[in-house]
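First the structure, in the form of C-alpha cells, and then the observations on it.
The model shown is predicted, which means the values in this text are computed figures rather than measured ones. Residue numbers begin at 1 in each chain, while the letters A, B, ... track the order of the sequences.
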Protein chains: 2
Amino acid sequence: MQTKQPDITRDKVLEAAFCEIHRSGFQAASIANILASTGLTKGALYHHFPTKQALGLAVVDEVIHRRLDVRFFTPLRQSEQPLETLLGILENIADRAQELVTLGCPLNNLMQEMSPLDPAFKKRLGDVLHAWRESVEIALQLAQGQGDLRPDVDCADAALFIVSAWEGCIGIAKNLQSPEALSVCSRQLQAYIRSLRTT
Amino acid sequence: MQTKQPDITRDKVLEAAFCEIHRSGFQAASIANILASTGLTKGALYHHFPTKQALGLAVVDEVIHRRLDVRFFTPLRQSEQPLETLLGILENIADRAQELVTLGCPLNNLMQEMSPLDPAFKKRLGDVLHAWRESVEIALQLAQGQGDLRPDVDCADAALFIVSAWEGCIGIAKNLQSPEALSVCSRQLQAYIRSLRTT
DNA sequence: ACACATCCATACCGGTCGGTATCTAATACC
DNA sequence: GGTATTAGATACCGACCGGTATGGATGTGT
C-alpha cells in the first residue's frame with residue numbers, strides 16, 4: 001500500500017480533464033472544476049502538466065485518440081469484410097446515441113473550437129483525424145480489392161467525406177438533442193456508402 | 001447630421017460581435033474586444049443589450065439567420081429547378097472556401113459550442129437550422145413533384161442529412177485548413193444528391 | 001540512516017471577465 | 001423653449017481565471 005501513486009494521479013487528472021473539456025469545451029474548461037472532481041489540488045496538476053494547454057494536448061493524445069482507436073480504427077483494420085464492418089459501426093452507434101447527442105464527439109468539438117486558435121491543437125487533432133481517415137480509406141481499398149466497391153471510387157475522397165459527414169451528423173443531432181435524428185442521418189450515410197458498391 | 005444614431009450604433013455592435021464570436025466562439029468572445037473594434041464603450045453596449053447572452057442571441061437572429069437567408073434559403077425557395085440550384089450552391093461555394101475554411105460556419109460553430117450549455121441558444125440556433133432544413137426539404141419535394149427525384153426518397157430525411165453532411169464537411173475542412181478538402185467533400189455530397197435522382 | 005528527488009498541498013498573485021452605478025449630453029415632445 | 005427621455009461615456013466592482021512560490025510529506029538510492 002502506497003500513499004503516492006503518481007501515474008494513477010496523472011490518469012485521474014486526465015480523465016477528469018477529458019470530462020470537463022467534453023462538457024464545456026477547452027477554453028471554458030475550469031482547472032478548478034477538474035481538481036474539484038478529483039479531490040486533488042493545483043500542486044498535483046501542475047506537477048504533471050506544465051500548462052493547461054499541455055493538459056489539453058495530453059487529453060487529445062492519450063484519451064481521445066485511444067478511445068477512437070479501440071472503437072473504430074482497430075476494428076476496421078482487423079476486419080476481413082471491411083465494408084460490412086463500416087456499415088455495422090454506423091448502424092450500431094445507436095447504442096451510444098444518447099451520449100453522443102448530449103455532448104457530441106469529443107474530437108469534433110475540439111477541432112471546431114481550437115483548430116483556428118492554436119496550431120498545437122490543430123496538429124494533434126489533425127493527427128487523430130488523419131488516423132481516422134486512413135483507417136476508413138484502407139477499409140475501402142480492401143473492399144475495392146475484393147470487388148465489393150466500384151473501381152471508379154476514389155477511396156481517399158470517399159473516406160474524407162464519410163468521416164466529415166459522420167461528424168456533421170453527430171453535431172446536428174447534438175443541437176436537436178435527438179437520437180432519432182442521429183439514426184436518420186446514419187442511415188442516409190449508410191445509403192451513400194451502399195451507393196458506392198458494385199451492383 | 002446627427003451625433004447620436006442609436007440604430008446605427010446597435011448595428012455596429014452587432015456586426016463587431018458577430019466577427020468576434022465567429023473568431024473566438026461565444027464564451028471566449030470578449031466584450032472589451034468588441035467595443036475596441038467599434039470605438040464604443042460599455043455604456044453604449046449595455047444600453048442596447050442587457051447581457052452578453054442577449055447580444056449573442058441577437059447575433060444569431062439578426063446576423064446569422066439573415067445571412068443564410070440571403071445566400072441559401074431564398075434562392076432555394078425561388079428556384080424553379082431546385083435540384084440544380086442546390087447542386088449549384090454546393091459547387092459555387094468554392095468562392096467562399098477560404099473564409100469558410102479559416103473560421104468555419106458561424107451557425108455550426110455556435111451550435112457545437114452552445115447548444116449543450118444554454119437552452120436559449122439551443123432554441124434560437126435550432127430555429128435557424130429548422131429554416132435551413134425546411135428550405136432544402138421543400139426544394140427536394142418540388143424536384144420530386146417534377147419527377148427529377150426518385151419517388152422513394154424521404155425528402156425530410158435527405159434534407160437533414162444534406163445539411164448535416166455539409167456542416168461536417170466545413171468543419172473538417174476547417175481543421176485541415178484546406179479549401180481543396182472542402183471541394184472534395186462538396187463533390188462527394190453532390191454525388192450523394194445525384195444518387196437520389198431518377199435514372 | 002541519511003541525503004535527495006519526487007509528489008502534492010496551501011497560499012497567493014496579476015489579469016481579465018461580465019456587469020453596474022453614475023453622470024453628461026443629445027434628442028424628442030409639447 | 002423648457003422638459004423628459006434616450007444615448008452613450010467613465011469609473012469601478014466582485015468573481016474567477018491560469019499560474020507560481022513555497023513548504024512539507026513520501027518514497028528512493030546508498
Side-chain angles (χ1 to χ4, degrees), chain A residues 1-60 62 110 113-114 117-121 124, chain B residues 1-60 62 110 113-114 117-121 124:
Chain A
M1 156 142 192
Q2 303 178 346
T3 60
K4 293 198 176 181
Q5 295 165 309
D7 46 355
I8 290 185
T9 297
R10 203 185 117 99
D11 284 349
K12 271 169 48 175
V13 172
L14 271 179
E15 185 62 26
F18 168 75
C19 291
E20 170 79 1
I21 292 171
H22 195 16
R23 229 181 302 122
S24 311
F26 175 75
Q27 300 180 90
S30 161
I31 301 281
N33 284 142
I34 295 171
L35 296 174
S37 76
T38 61
L40 296 167
T41 62
K42 288 196 174 182
L45 194 157
Y46 282 97
H47 174 75
H48 291 282
F49 304 97
T51 65
K52 185 190 180 186
Q53 179 194 6
L55 173 61
L57 296 177
V59 166
V60 174
E62 301 181 37
L110 278 179
E113 179 187 5
M114 297 305 297
L117 299 180
D118 187 319
F121 266 97
R124 308 293 189 104
Chain B
M1 155 141 190
Q2 303 177 343
T3 60
K4 292 197 175 180
Q5 296 165 308
D7 46 355
I8 290 184
T9 297
R10 203 186 117 99
D11 285 349
K12 271 169 44 173
V13 172
L14 271 180
E15 185 63 26
F18 168 76
C19 291
E20 170 79 2
I21 291 172
H22 195 15
R23 228 180 302 120
S24 311
F26 175 74
Q27 299 180 90
S30 162
I31 301 281
N33 283 143
I34 295 171
L35 296 174
S37 76
T38 60
L40 296 167
T41 62
K42 287 197 175 182
L45 195 157
Y46 281 98
H47 176 73
H48 291 282
F49 304 97
T51 64
K52 185 190 181 187
Q53 178 194 8
L55 173 61
L57 295 177
V59 166
V60 174
E62 301 181 36
L110 278 179
E113 179 188 4
M114 297 306 295
L117 298 180
D118 187 319
F121 266 98
R124 308 293 189 104

(request) Ignoring the backbone of B/A32, work out which of C/dC17, D/dG19, D/dA9 is nearest its side chain. (result) C/dC17
(message) Please compare A/S30 and A/P50 by the position of their nearest nucleotide in DNA chain D and report the one closer to 5'.
(response) A/S30
(request) For the helix from C/dC8-D/dG23 to C/dC30-D/dG1, figure out the bend between the end axes, five pairs an end, and round to 10 degrees. (result) 10°
(request) First locate atom CG of A/L117, then atom CE of A/M114, and finally report the distance between them rounded to the nearest 0.5 Å. (result) 5.5 Å
(message) Counting the atoms with a prime plus P, OP1 and OP2 as sugar-phosphate, which does B/L45 contact under 4.0 Å by heavy atoms, base, sugar-phosphate, or nothing?
(response) nothing
(request) Return the value, rounded to whole Å, for the distance between atom OH of B/Y46 and atom P of D/dC13. (result) 17 Å
(message) What is the distance, to the nearest angstrom, from the NZ atom on A/K52 to the C1' atom on D/dC16?
(response) 12 Å
(request) Would you mind telling me which residue lines up with the more 5' stretch of DNA chain C, B/A29 or A/D7, judged by nearest nucleotide? (result) A/D7
(request) Could you tell me which residues satisfy ring pair (Phe, Tyr, Trp, His ring centres under 6.0 Å) with A/F49, sequence neighbours excluded, listed by chain and number? (result) none
(request) Please report, rounded to the nearest Å, how far the P atom of D/dC17 is from the CG atom of A/N33. (result) 7 Å
(request) For the residue pair B/E62 and B/L14, establish whether any side-chain heavy-atom pair is separated by less than 4.5 Å. (result) yes
(message) Does D/dG8 have OP1 or OP2 under 4.0 Å away from a side-chain N or O of B/T9?
(response) yes
(request) Over all heavy atoms of both residues, which pair between B/T9 and B/A44 is shortest? Give the atoms and the distance, please. (result) CG2-CB, 4.4 Å
(request) Might you point out which heavy atoms bring B/Y46 and B/T51 nearest each other, and give the distance in Å? (result) CE2-CA, 4.2 Å
(request) Going 5' to 3' through nucleotides 10-15 of chain C, assign each nucleotide B (protein heavy atom under 4.0 Å from a base atom), S (under 4.0 Å only from sugar-phosphate atoms) or - (no protein heavy atom that close). (result) B-----
(message) Tell me the interatomic distance from B/I31, atom CD1, to C/dT16, atom C1', rounded to whole angstroms.
(response) 13 Å
(message) Using whole Å, what does the distance between atom P of nucleotide C/dA26 and atom CD1 of B/I8 come to?
(response) 17 Å
(message) Quick one, A/V13 and A/L55 - any side-chain contact, counting heavy atoms below 4.5 Å?
(response) yes
(request) Find the distance B/F49:CZ to D/dG8:C1' and express it as a whole number of Å. (result) 14 Å
(message) Between C1' on D/dT6 and CZ on B/R10, what's the gap in Å once rounded to a whole number?
(response) 15 Å
(request) Ignoring backbone atoms, establish whether B/H48 has a side-chain N or O less than 4.0 Å from OP1 or OP2 of D/dG8. (result) yes
(request) To the nearest Å, give me how far apart CG (A/L55) and C1' (D/dC17) are. (result) 15 Å
(request) Determine the minimum heavy-atom distance between B/F26 and B/K52, stating which atoms define it. (result) O-NZ, 2.9 Å
(message) Just by distance, no angles: are the side chains of B/Q27 and A/Q27 close enough, under 3.5 Å, to form a donor-acceptor pair?
(response) no
(request) Would you indicate, yes or no, if D/dA9 has its OP1 or OP2 atom less than 4.0 angstrom from a side-chain nitrogen or oxygen of B/H47? (result) no
(message) Closer than 4.0 angstrom, basic N to acidic O: yes or no for B/E20 and B/R23?
(response) yes
(request) Using a 4.5 Å cut-off on heavy atoms from C-beta on, say whether the side chain of A/I21 contacts that of A/L110. (result) yes
